[in-house]
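One structure is given here, and the rest of the page talks about it.
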Amino acid sequence: QIIMENDNLFSMWYSSLGNGIRIAKATSPDGIQWNGNTLYSFLGNQDTSDPYFVKNNPNYLYFATTPAGSTTRIKRITEINGTFDNSTIQEVFIPEKKWGVNGTTSPVIWIENGTYYLYYSALEATWNMGMATSQDGITFNECNNNPFLSGDTVPRSIIKYDNEYYLFFHSPQGLGFIKTPSLACN
């Protein structure tokens, strides 16, 4: 994920392989030439992947995937003035329905009018995409129509353009998107 920090600084957050899976950050003045490779380990030596940041003025909220026993779960940590506050690490989404209890991954977050919209993939026989909503960004409620997109689909990003939302995802068929005028659970 690439974030425009200000007019002359971009940050790229990504998963890095090596001594396990870690979150890494590179910076760029122009979005083309990248410098640095800062690795972050929020949970000791536990793997952490699929970073997604969202601005929550004046700070950022960071969502990622981490193992939870034999499954994966989505956790959140707050970044304050460029420093991650480890005391804020929380597991934010625990599926309660049969679908998704085998693992959740790849969080994509959108905040609008005080509601947090979480798009994610969950494992059943294959990875399928679901959605959950929250009023506090911690306790999420699953949508009744989950999974709403199946076939090894994984959300990557969401944008709003001309009053419509575009949810981008990847699948075995490549990159795709869903266009919708609403973020409702339907």
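Each residue takes its place number in the sequence, starting with 1.
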Q. Of all heavy-atom pairs between I111 and I109, which one has the smallest distance, and what is that distance?
A. CG1-CG2, 4.1 Å
Q. How long is the span from the OH atom in Y116 to the CG atom in D136, to the nearest 0.5 Å?
A. 7.5 Å
(Q) Please find the pair of heavy atoms, one from D50 and one from P107, that lie closest to each other, and give the distance. (A) O-CD, 3.7 Å
Q. Okay, side chain of R76, backbone of G137: is any donor-acceptor separation there less than 3.5 Å?
A. yes
Q) Is a donor on one side and an acceptor on the other found under 3.5 Å between the side chain of T88 and the backbone of T78? A) yes
Q: Working to the nearest 0.5 Å, report the span between CE of M129 and CZ of F148.
A: 5.0 Å
Q: Determine the minimum heavy-atom distance between F169 and F177, stating which atoms define it.
A: CE2-N, 3.4 Å
**Q.** Step-by-step side chain to side chain donor-acceptor pair (under 3.5 Å) determination, N146 to Y120
**A.** CA-CA 10 Å; N146 284 341; Y120 61 95; 3.2 Å; yes
Q.
I'd like to check the side-chain contact (heavy atoms from CB on, under 4.5 Å) partners of S11; sequence neighbours left out, ordered by chain and number.
A. E5, W13, K25, T27
Q. From H170 NE2 over to L175 CG, what is the distance, rounded to the nearest 0.5 angstrom?
A. 9.0 Å
Q | Derivation and outcome, side-chain contact (heavy atoms from CB on, under 4.5 Å), residues T133 and L118 | A | CA-CA 6 Å; T133 60; L118 167 64; over 6 Å; no
Q) So if you build clusters from Ile, Leu, Val, Met, Phe, Trp, Tyr with side-chain heavy-atom gaps below 4.5 Å, do V92 and L183 land together? A) yes
Q) Are Y166 and M131 connected in the hydrophobic side-chain network, where two residues link if heavy atoms are under 4.5 Å apart? A) no
Q) Aromatic rings W110 and Y165: how do their planes relate, parallel, tilted or perpendicular, breaks at 30° and 60°? A) perpendicular
Q.
Within this structure, what is the CG-OH distance for the pair L149 and Y119, rounded to the nearest 0.5 Å?
A. 12.0 Å
**Q.** Distance in Å, K179 NZ paired with L167 CG, rounded so as to fall on 0.5 Å steps
**A.** 14.0 Å
Q | N128 versus G151, closest heavy-atom pair with distance | A | OD1-N, 2.9 Å
Q | Check: T153 main-chain N/O paired with S121 side-chain donor or acceptor under 3.5 Å | A | yes
(Q) Please determine whether side-chain contact (heavy atoms from CB on, under 4.5 Å) holds for the pair S28 and W34, giving the CA-CA distance in whole Å, both sets of side-chain angles, and the decisive distance to 0.1 Å. (A) CA-CA 5 Å; S28 170; W34 294 91; 3.4 Å; yes
Q) How about F63 and Y52: are their ring centroids closer than 6.0 Å? A) no
Q: State whether E112 and K160 are salt-bridged, where the test is any N-O pair (Lys NZ or Arg NE/NH1/NH2 against Asp/Glu carboxylate O) under 4.0 Å.
A: yes
**Q.** Reported OG1-to-CD1 distance for the pair T180 and I158, which is rounded to 0.5 angstrom
**A.** 9.0 Å
**Q.** Distance-minimising heavy-atom pair for S106 and P155
**A.** O-CG, 3.3 Å
Q.
Using every non-hydrogen atom in the two residues, find where S157 and V108 come nearest and quote the distance to one decimal.
A. N-CG2, 3.9 Å
Q: Given side-chain contact (heavy atoms from CB on, under 4.5 Å), test V154 with D152 step by step and report yes or no.
A: CA-CA 7 Å; V154 178; D152 279 330; over 6 Å; no
Q: State whether the side chain of N141 and the backbone N or O of T139 hold a donor-acceptor pair below 3.5 Å, judged by distance alone.
A: no
